[in-house]
Each structure stands twice: as C-alpha cells, then as structure tokens.
Peer 1: 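Before we start, here is the structure in question, set down as structure tokens.
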Amino acid sequence: MAHMKPEKSEEAPFENEAQVSTIRPRRPYFRRLIRLLVILTLGSFLAALHLHWNTEHNNGIWKRHGHHKFGHAAEKAFLSVPDTENAIKVSRQYAGQPHMAGTDGDFKTAELFLSILQESFGITPPERKPVFDAGTSESQDATRGIIERNAPSAWIDTYYPVMNTPLERAVQIVEDDGSVLWDADLKEHAPEGDNKDQDAAKYADAVPTFHGLSISGDVTGYLVDGNYCSKEDYDKLVVDGAPLKGSIVLCRYGGIFRGLKVKGGQENGAVGVLIYSDPRDDGTVVVENGYVPYPDGPARNPTSVQRGSVQFLSIYPGDPTTPGYPSYENATRTQGTNIPSIPSLPISWDNAKQLLQVLQTGPLQGKRVRLSNNVDTRVIPIWNVIGVIPGYIKNEVVVAGNHRDGAVDPSSGTVSTHEVIRGLGYLMKKGWKPLRTIVIASWDAEEYGLIGSTEWGEDFADWIDKHVVAYFNLDSSVSGSRFGTSGSPLLAHFIRETAQDISHPTEANRTLWDARNDDGILLESASSLVADAIRVAQTELEVAIAAADDLGVSPLGSGSDYTVFLQRNGVPSANEGFSSTLHDPVYHYHSVYDSEPWQEKYGDPGFSRHIAIAQHLGLQIMRMANAPILPFNTTHYAIQLEGYLDSVESLPETQALELDLSDVRKAIRKVKRASWRLDREKRRAERQLRRIIFRWWRHHRRHHRHGPHHPHHPHHPGRFSTLRTLFQRIRAWTWGDYTPESSPFIQPTHMSILPGGCVLPAFPELSSEPPDCTPQGEERDGIQPEFDHSHRFYQAISKIYSEDFDDNYQDWGSLEDVRYHHHGHDHKHDHPDRRHRRWRKALIRAVHRVRVVNNKLRSFEHGLISEGGIKDREWFKHLGVAPGKWLGYGATTLPGLTEAIVFDQDKAAAEHEAQRLADLLEKLAAKLRA
C-alpha cells in the first residue's frame, strides 16, 4: 500500500521540508559495515528488552505456542469472568429443586435462563414475553432471522412432543395363585438431618422412579438374570437355553444405553425388564472396602434408583411420534417405532438383592415376579431457550448448547454454560463483537430422548445445513475427576489446543488437557467381590481409549444433544466434561441423590472443575467464531477414515466374507490427497488476507495521530514503539525478509474483534500493543471497543464474504476515508482512483479466496451425509460415524458397512454398502479439489 505524504499542518510543520533533499553521500564500505554491526547489536538488545517488557506489562496476554500466539486480550478478559462463587449460586438455583421436562418447574427454569441471556447480552425484555409456539411465523422468524438481525436477541420456542409421566407402579414376588410374597418399596428414602442431604430428603418422591417413554403394562413371569443385557449377553442366554420367552429379565445398568436393554429383551420374547444399579460397578468405593453409603459417606446409597428414558436411541431420537419432522402442536403423529412394547422399571440395589433370591437356593427360589407399570402418555409442552450474539458475518453461525431438564445432570452443564454467557456478555458490554454469529441454546426434554434439540434440528434442518459451522455440547460438566472429550476428527486438534490453554482446575503447572489422565483419590485395594466388575469397567475404558484417535479425542456416538447436528445434518460437533472413575465418590446418576449437596461435598468441592469447563467451552466458541479460516483439520479426518477402514478389514467376519474393500481405500486416499492440497490453499488464503489487512492497518496506524495518553504515543511511559520500528527496519535491511508473518512481534493467529468504540484493533495479534481511540485526557477501563473505522472495515469484509456487495457498495467510500482521511485532513486527491480500485480488488480476491476455502472445509463433514441414511435406522445419515446399533452411547465408525458385515453377515449387502461409501467419498474428494 502506498504511503501518502500528509499536508503541511501544525502537527508536522517541518514534515515536507524534511523531504526536500533525499540524496545522501556514499559512505565507504567499512563504515557501512561497522554501522550495520552496531545497529544489529543495539537492535537485538532493544528487541529483547522490549519483548521482556511487553510480556511483563501484558501479564501473559500474548501467549506463545509454537509459531502462533493464542490468548489475546479479549480471551484473557473472558477467562477472568467465570467465578466459583457465582457458579455455586447458580447451581443451587437449578439443581436445588425438581424441574422434569414439561413441568411448571421446568418452565420456570426456562424463564430463568431467558432472563440470564437478556441481562448478559443487554437485551431489553419486551412487554410480551417472547415465548413462541413452534411452527408459528414468530418462531420461524426468530431462528431464520438470525442471519439478518444486528442486535442480540433471545426467546423461547415451545414444542409439543408425546411423553409420559408415572402413575402406579409395582414389583412383587408372587405365588402361582397370585398371592404376594414380597412387595418392593419403589421409593428412594433419604434420611433427614442437618448433616444429611436436605434436598434429597425434601424431594425424595417428587419425581417417582420410572422410565421415560416406557409403556404401560402388568406382566408376570419367571425371572432371568441378564447381566448387563447387552447383545452379547442375550446371545449367550439363547445359546445356553435360558427360558427368555415370557420371562422378566433383570439387567444391570452399564455398558449400553438402557433402552437397548429393553429392546433386547423384547426381541427375545421377554414380557418385561427390570434394571438396577449394582455396587459391583462402583469400583473400589464400596461398603466392603469400608466406605459408608451416601449421605454419610462416598459409597452408593442402596435405595438409589437411576431414572431415564428407554427410547431405542440408536433407531432415532426425539419425539417418537414425529420422526424426521418437528413436533408442532398440530403435527400429524405416527405410532412410534423407537419405543418399547413391553413394560420396564428401574429399581434399587436393595430391591435387586431381594429379587435375586428367586434365582438362589432358598424359600423364594423359582417363584415368579410381577411387574406393573402405569404411565400417562400424552402431548406435553417443552421449552427450548435460544440466545443470539450477531457477528459481522451473520450467515455463518457457531452454536453451543446444553440441556436443562434434570438434576446435577445437567445442571452442572447449565452452570458452566451460564458462566460462558456471563463472560461473553461482559465482552459485549465493552464493545466486543464476534466475526461469526454465536447462538447459545438451552435444550429441554433431553432426558426423554434428546427431544428438544432434535425437534429444533428437524424444524430448521435446511437453515442448519446452510449456516451452522460447528456445534459445541455440554451435558453434565462434572460428575468426577477425569476430563474427557469427544468430537468430530475435524475438531480434534482444535479441542486439544484450546484445552492446553486452560489451567488445570486443581493443580498448578498442569493444563485442562492433562486432566484426561486424572483419577479419584479413593484407591483402596479391591475386594474379590468387586474385582470382576472392575475388570469389566477397565475393559470398557480400554475400548473407549482404543476408539479415540492418537490425540485422545473419541468419536461421538449418541446420548446427548449433539446427535441431530452431527449424525443427521453433518455439522462438526464436540462434547466434554469431567466424569467419574473407579476411585471417585459414587455418582448417583439420575437418582434423588444426584443433588446439589452431593456435588458440593463430593462431585466438585469449590466448583473449580465447573469453571475450567466454562473457560474451555467459551474459548472454543470465541476461537471458532473469530477464526478467519475455520480451524478444521480435514487431513486428520482422512487419516482417521483410513484407520476406520483398517478396523473393518481386520474383523473376522470381513475375512470370512472375503470382501474386497479396495475401492473404499482408493476413495479415502483421494480424499487425503485433496485434503493435502486444501491444507496448502488454507495457508495461502489466510496469508493473503492477513497481508492485505496488515497493510491497511499499518497505513492507518502510520497516519493516525495518537494523543499522549495513547499507549502507542512515543512519549507514553514505558512504550518502545520507536524501538520496535527500528528493529523491524533492521530485519528488513539485514535479512530482506520482513513480512507481517515473520515479525517476532506480529504473528497473527485468531481474528479477535472488538468493534463499536475503542479497545483492540480488528486483529489484535497483528499489533504488538492494543491500540486505543480514547480521547486525550480520558482513562479507559478494561476491554474497550475498537476504532470505528475498523468496525466499518469489517462490515465491508463481511459484505464481501457474504457476496452482498457491488462496486456501488455504499461503505466503500467510508472505507477509503478510513485509509486516507484522518483528523479532518482529506488526502484523497493524492491517491488516484486506480489505487483505490487496485486495493479494493485485492481485498475482494483475498476475502473470496478465504470464503471458498471455508466452504470446502464445511463440505467435509457434510460430505459424509447420505440421504438414504443407514439401513434399518434411516434417520441417521452419517456414513462415517453413528451410535452403535446395540450400544446407543458408544460410536460405531463406518456404520453402514460395519453393520452389514457384523450383524447381517451378508456379502451382497456389505458390497452394496462399500460401494455406497466409496461413491460418497469420491464426491467429497471432488468437492475438495474443485
């Protein structure tokens, strides 16, 4: 960019005179050499001094990681907001009272979350509460208008799914004539007292023990012990000749999703299923090792019962009666095919012990069991809460969500989300605005089967496909000591890098990423009674680790609200949280002891883990929203696809069928080669855009007149702006390679934008000091907005990026004023129009190039979506990963191909799936090459 000579003014009275004579006498060679050595020595010393001062003064704002700098001022300000005291206060608001989906308590929490969004984002509550029925023009306009609005907004969408609530229930041991030998107490009994769990005692039967979406029924049969009731367990029972037909199957929680335990029993002829929590799965924290049951100690309370949905999650989630389309109040309903046709109930360990006596020698041996479950199944309203922070580029949206219905699960996630909202709100009040639009969602009815998020995803599928670039999910933030994360391979490096920028919640000199290896502190040796269960748990852990990539990020199956985004719409997604280990206090999942007192005493004393999750989630949102090039690693994904295929080829069933999967491998290699080329294009496109923006910013900085209170003013105390310029010129003179990227002080990574006033420039990492536009004599506090002309600059960039501009775009003139007009001095006549046009075209080309790259990056995950879906469960459309057909929670990679081989054991079906996958990958490679 050309540097314009300013007109003569009082501020520079001798500037033109100083440029009259530019011819200097030629100096002898040795004098120039000595001069060079002296300046190099001085420059190196001053540079080191400046770097030291800069680091100390900014208190670590500019963190170095390899050749990049992360953690700019906006990020540091955000990370300072999440607060443990506030987190505990919020947790008590949500977890301190029941709020099952569809209840009055649930609607109150929706209103609470809405008020938090309004307060934090500076939204004036309208006279009429923004609660819209799904399907109405108000609801449609609220979401579809996100890409048009300039101001923050928040509202509640009401959907109308079919759900159930419990009525009478019974579990009994009976004689053949029906007389009752034993009648189970199905309530959880929480002792009262000052040192007890007062929340549990108060609400012990507020939500009776039942299974969501279970069916009503009254059945009697002989009891069969199904162990974990996995597919392997049922297959073994069949081989062993167990009398499954007409039986009631007793299952242990664990291993697979509870609904699939019921599905397995139903398909094998059982008439009912009972599921209990077995202390043998609690690791070393058991009574046999001397631990006292909760609330007096960390072991399992024997009356605790795990509630939850028994929907067949791996068939499809959401409202069972509206598969693939949203549950409006007047929706046409079908007979759900993802719910059981036999009754089921959850029971406690105390009750399971009594039932197991019918399988043992004694007076109850061989007696029959009665199971009665009555539920009220009906249309029940639920409430999703949505908040929006508009970005410069409104048509690219980053979504983060957490479900609200439940206890500690998911209130711990809601607490962390709340702290993220407060942090983003703090930045907004200081003038911050993201590059991309951010949406924060509080989903409802997740515990019934991911209903709130699924109905919203089905309602706005086309809008999500077009605009949502990434989805970040929280469920339960904290239930133990080990940090875990899972997500799309596109995000694996991004997840790791952001987690490495967050401090460990309890230990100095470690990061959040290091917490993946943490364990509980209750490490007593296991008794023989629990040793087998520990081996089972360790095996499950080993399987999960084996499924993870070499970075430690596991693929996503299902079980939380990311499902519709990833598995149906092809949006890169991630999930995280601290989970319980074999040596942590027992987490009473979905029981009345899943409470605020348990969380404060055993789960996360001090709530430091809640804060770490909030910081990490917020950092991911900010960096995804602000990165000029989407931080997706397509090459890593291609490598993972090769690994997935290796696993399929190693299956005994594959070898038995003598399958030839070479076409799939060739297609994956084409994807990988295309991804390598895209990697190069990413670097070049970002470098081109940064250079143009740097030239614009440098020109502006050179002409902008700073007041004495500005940190860039030469006389500002402690500032070394002139020394920095000296060092930069020395680099250019000595090595001849000075560029924005090579400067030791200017190494851009993430685009951070603080528009609307005066704090950071549009790219703070392109500046060694944050500029300021505070009038002389005024002090600034915290994070202030950026220059108004930087705001206009990004408005122009967003117009170009969205292809919403032309040569008559009204802001071109003001944008050129930004470049050539300062403090009332108009220098446009010094610059011919051709220079304006050349700069304008260069900017358009650079932004267009970035947009093309981003479109290719977005196409990768979506390129694995097949409209035909997965055989027998067509709602799931992702051919790269899906919830395991008989796992639910766990992921199966290359699911269509794998299931045709493992379950169908049909060579023709497997060859069809292989060809379908190869064709999809060929198309993906072509998109990346285009």
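The chain is numbered in sequence order, starting from 1.
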Peer 1: Under 4.0 Å between a side-chain nitrogen and a carboxylate oxygen: does that hold for Asp240 and Lys236?
Peer 2: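 Salt bridge flag = yes for Lys236 with Asp240.
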Peer 1: I'd like to check the side chain to side chain contact (heavy atoms under 4.5 Å, CB included) partners of Asp646; sequence neighbours left out, ordered by chain and number.
Peer 2: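 Here the qualifying residues are Glu649, Arg665.
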Peer 1: Looking at Ala515 and Arg510, what are the two nearest heavy atoms and their distance?
Peer 2: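 In terms of heavy atoms, the two residues are closest at N-NH2, 4.2 Å.
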Peer 1: Below 4.5 Å, heavy atoms only, C-beta onward: do Pro572 and Phe860 meet side chain to side chain?
Peer 2: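 A side-chain contact under 4.5 Å is absent here.
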Peer 1: Residues two or more places apart in sequence or in another chain: which of them pass side chain to side chain contact (heavy atoms under 4.5 Å, CB included) with Ser247?
Peer 2: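 In terms of side chain to side chain contact (heavy atoms under 4.5 Å, CB included), with neighbours along the sequence ignored, Ser247 is linked to Val224, Leu244, Val249, Ala270.
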Peer 1: Measure across Asp475 and Gly559 and return the closest heavy-atom pair with its distance rounded to 0.1 Å.
Peer 2: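 The answer is OD2-O, 4.0 Å.
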Peer 1: Salt-bridged, Lys231 to Asp235, with N to O below 4.0 Å?
Peer 2: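 So Lys231 pairs with Asp235 through a salt bridge.
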Peer 1: Does Phe460 have any ring-ring contact (aromatic ring centres under 6.0 Å, His included) partners at least two apart in sequence or in another chain, and if so, which?
Peer 2: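 Applying ring-ring contact (aromatic ring centres under 6.0 Å, His included) to Phe460 gives Trp456.
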Peer 1: Hey, is the main chain of Asn855 close enough, under 3.5 Å, to the side chain of Arg858 for a donor-acceptor pair?
Peer 2: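 Not at all, since once roles are kept as given, no pair shorter than 3.5 Å links the two residues.
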Peer 1: Does a side-chain N-to-carboxylate-O contact under 4.0 Å join Asp518 and Arg609?
Peer 2: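 No, this pair does not count.
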Peer 1: Please check: side-chain N/O of Asp225 versus main-chain N/O of Asn227, any donor-acceptor pairing under 3.5 Å?
Peer 2: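 Yes, the answer is positive, given that a donor and an acceptor are paired below the 3.5 Å cut-off.
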Peer 1: What's the spacing between Asn854 CG and Leu630 CG if we round to 0.5 Å?
Peer 2: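 Reported value, rounded in 0.5 Å steps: 4.0 Å.
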Peer 1: Ignoring hydrogens and angles, write down the donor-acceptor pairs under 3.5 Å from the side chains of residues 887-895, residues two or more places apart or on other chains.
Peer 2:
none

Peer 1: Would you call Ile629 and Leu857 a side-chain contact if the rule is heavy atoms closer than 4.5 Å?
Peer 2: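 Touching, per the 4.5 Å side-chain cut-off.
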Peer 1: side-chain hydrogen bond (donor to acceptor under 3.5 Å, both in side chains) with Asn517: which residues, sequence neighbours excluded?
Peer 2: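 If we apply the side-chain hydrogen bond (donor to acceptor under 3.5 Å, both in side chains) test to Asn517, skipping adjacent residues, there are no hits.
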Peer 1: Mind checking side-chain hydrogen bond (donor to acceptor under 3.5 Å, both in side chains) for Thr898 and listing every partner two or more places apart, or none if nothing turns up?
Peer 2: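 Not a single residue meets the side-chain hydrogen bond (donor to acceptor under 3.5 Å, both in side chains) criterion with Thr898.
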Peer 1: Side chains of Thr498 and Asp501: any donor to acceptor distance under 3.5 Å?
Peer 2: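 No donor-acceptor contact under 3.5 Å links the two side chains.
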Peer 1: Can you name the side chain to side chain contact (heavy atoms under 4.5 Å, CB included) partners of Ile339, sequence neighbours left out?
Peer 2: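 With sequence neighbours excluded, Ile339 shows a side chain to side chain contact (heavy atoms under 4.5 Å, CB included) to Leu213, Pro320, given in chain and number order.
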Peer 1: Is any side-chain heavy atom of Leu897 closer than 4.5 Å to a side-chain heavy atom of Tyr644?
Peer 2: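 Leu897 vs Tyr644: side chains apart.
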Peer 1: Checking Ser481 against Phe578 for the side-chain contact (heavy atoms from CB on, under 4.5 Å) test, could you report, in this order, the C-alpha distance in whole Å, the side-chain angles of both residues, the deciding distance, and whether it holds?
Peer 2: CA-CA 6 Å; Ser481 61; Phe578 282 90; 5.7 Å; no
Peer 1: Filter on side-chain hydrogen bond (donor to acceptor under 3.5 Å, both in side chains), then keep only pairs touching residues 562-573, sequence neighbours left out; what's left?
Peer 2: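 For residues 562-573, and leaving out neighbouring residues, the side-chain hydrogen bond (donor to acceptor under 3.5 Å, both in side chains) pairs sorted by first residue read Ser558-Thr563.
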Peer 1: Test salt bridge (charged side-chain N to carboxylate O under 4.0 Å, His left out) on Glu686 and Lys682; report intermediate values, then the result.
Peer 2: CA-CA 6 Å; Glu686 189 166 10; Lys682 277 164 48 178; over 6 Å; no
Peer 1: Ignoring hydrogens and angles, state whether a donor on the side chain of Ser560 or His403 is under 3.5 Å from an acceptor on the partner side chain.
Peer 2: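 Looking only at side-chain atoms, His403 and Ser560 do not form any donor-acceptor pair under 3.5 Å.
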Peer 1: Would you say His636 and Pro489 make side-chain contact, with heavy atoms under 4.5 Å?
Peer 2: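 Contact flag for His636/Pro489 side chains = yes.
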Peer 1: Of all heavy-atom pairs between Asn268 and Gly264, which one has the smallest distance, and what is that distance?
Peer 2: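 Looking at all heavy atoms of both residues, the closest pair is ND2-O, 2.8 Å.
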Peer 1: Taking the basic N atoms (NZ, or NE/NH1/NH2) and the acidic carboxylate oxygens, is any pair closer than 4.0 Å for Glu681 and Arg677?
Peer 2: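 So Glu681 does not pair with Arg677 through a salt bridge.
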Peer 1: Is there side-chain contact between Pro631 and Met624, with at least one heavy-atom pair below 4.5 Å?
Peer 2: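 They are in contact (side-chain heavy atoms under 4.5 Å apart), so the answer is yes.
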Peer 1: With sequence neighbours left out, what residues match Ser453 under side-chain hydrogen bond (donor to acceptor under 3.5 Å, both in side chains)?
Peer 2: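 Checked Ser453 against side-chain hydrogen bond (donor to acceptor under 3.5 Å, both in side chains); matches are Asp561.
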Peer 1: Do you know which two heavy atoms are closest between Ile613 and Gly577, and how far apart they sit?
Peer 2: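 Reported closest heavy-atom pair: CD1-CA, 4.0 Å.
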Peer 1: Could you please spell out the steps behind the side-chain contact (heavy atoms from CB on, under 4.5 Å) verdict for His912 and Asp906?
Peer 2: CA-CA 10 Å; His912 171 72; Asp906 183 331; over 6 Å; no
Peer 1: Less than 4.5 Å apart, any side-chain heavy atom of Leu928 and any of Lys670?
Peer 2: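 No - every pair of side-chain heavy atoms lies 4.5 Å or more apart.
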Peer 1: Side-chain atoms of residues 867-882: list all donor-acceptor pairs with protein atoms under 3.5 Å, sequence neighbours left out, distances to 0.1 Å.
Peer 2:
residue: Arg873; atom: NH1; partner: Ser314; partner atom: O; Å: 3.1
residue: Arg873; atom: NH1; partner: Pro883; partner atom: O; Å: 2.8
residue: Arg873; atom: NH2; partner: Pro883; partner atom: O; Å: 3.0
residue: Arg873; atom: NH2; partner: Glu899; partner atom: OE2; Å: 2.2
residue: Glu874; atom: OE2; partner: Asp872; partner atom: N; Å: 3.0
residue: Trp875; atom: NE1; partner: Glu458; partner atom: OE2; Å: 2.9
residue: Lys877; atom: NZ; partner: Glu867; partner atom: O; Å: 3.0
residue: His878; atom: ND1; partner: Gly880; partner atom: N; Å: 2.9
residue: His878; atom: ND1; partner: Val881; partner atom: N; Å: 3.3
residue: His878; atom: NE2; partner: Glu861; partner atom: OE2; Å: 2.7

Peer 1: Could you go through the side-chain contact (heavy atoms from CB on, under 4.5 Å) check for Tyr448 and Asp319 one step at a time?
Peer 2: CA-CA 9 Å; Tyr448 274 93; Asp319 182 352; over 6 Å; no
Peer 1: Which distance, rounded to the nearest 0.5 Å, do you find between the CZ of Phe472 and the CG of Leu619?
Peer 2: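 Answer for the CZ-CG pair, Phe472 versus Leu619, is 10.0 Å.
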Peer 1: For the pair Glu576 and Ile495, evaluate side-chain contact (heavy atoms from CB on, under 4.5 Å) and give the outcome as yes or no after the intermediate values.
Peer 2: CA-CA 10 Å; Glu576 66 180 296; Ile495 292 169; over 6 Å; no
Peer 1: Which atom names give the shortest non-hydrogen contact between Ala400 and Tyr471, and what distance separates them?
Peer 2: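 Scanning both residues, the minimum pair turns out to be C-CE1, 4.1 Å.
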Peer 1: Any side-chain donor-acceptor pair under 3.5 Å between Arg916 and Ser866?
Peer 2: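 Short answer, yes.
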Peer 1: Sequence neighbours excluded, which residues qualify as side chain to side chain contact (heavy atoms under 4.5 Å, CB included) partners of Ile639?
Peer 2: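 By the side chain to side chain contact (heavy atoms under 4.5 Å, CB included) rule, Ile639 matches Thr635, Lys672.
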Peer 1: Report the residues that fulfil side-chain hydrogen bond (donor to acceptor under 3.5 Å, both in side chains) with Ser650, sequence neighbours left out, ordered by chain and then residue number.
Peer 2: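 Counting only residues at least two positions away or on another chain, Ser650 forms no side-chain hydrogen bond (donor to acceptor under 3.5 Å, both in side chains).
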Peer 1: Could you check if a side-chain atom of Trp463 sits within less than 4.5 angstrom of a side-chain atom of Val397, using non-hydrogen atoms only?
Peer 2: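 Of all side-chain heavy-atom pairs linking Val397 with Trp463, at least one is under 4.5 Å.
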Peer 1: Closest approach of Ala667 and Leu921, non-hydrogen atoms and distance?
Peer 2: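 Closest approach of Ala667 to Leu921: CB-CB, 3.6 Å.
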Peer 1: Is there a side-chain contact between His211 and Ile275 in this structure, where contact means two heavy atoms from C-beta onward sitting under 4.5 Å apart?
Peer 2: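 They are in side-chain contact.
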Peer 1: Could you tell me whether Arg516 sits above the aromatic face of Trp513, with NZ or CZ closer than 6.0 angstrom to the six-membered ring centre and within 45 degrees of the axis?
Peer 2: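 Yes, cation above the ring, under 6.0 Å and within 45°.
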Peer 1: Got a second to check how far Cys251's SG is from Leu260's CG, nearest 0.5 Å?
Peer 2: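 Nearest 0.5 Å value for the SG-CG distance: 11.0 Å.
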Peer 1: Distance check, rounded to the nearest 0.5 Å: Ser675 atom OG versus Arg680 atom CZ?
Peer 2: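 Reported to 0.5 Å precision, the distance equals 10.0 Å.
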Peer 1: Supply the atom-to-atom distance Thr634 OG1 to Lys856 NZ, rounded to the nearest 0.5 angstrom.
Peer 2: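 It comes to 10.5 Å.
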Peer 1: Has Lys923 got more than 12 heavy atoms of other residues, nucleotides or ligands less than 6.0 Å from its NZ?
Peer 2: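 Count not over threshold, so no.
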Peer 1: Rounded to the nearest 0.5 Å, what separation is found between the CD1 atom of Ile451 and the CH2 atom of Trp443?
Peer 2: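 If we round to the nearest 0.5 Å, Ile451:CD1 and Trp443:CH2 are 13.5 Å apart.
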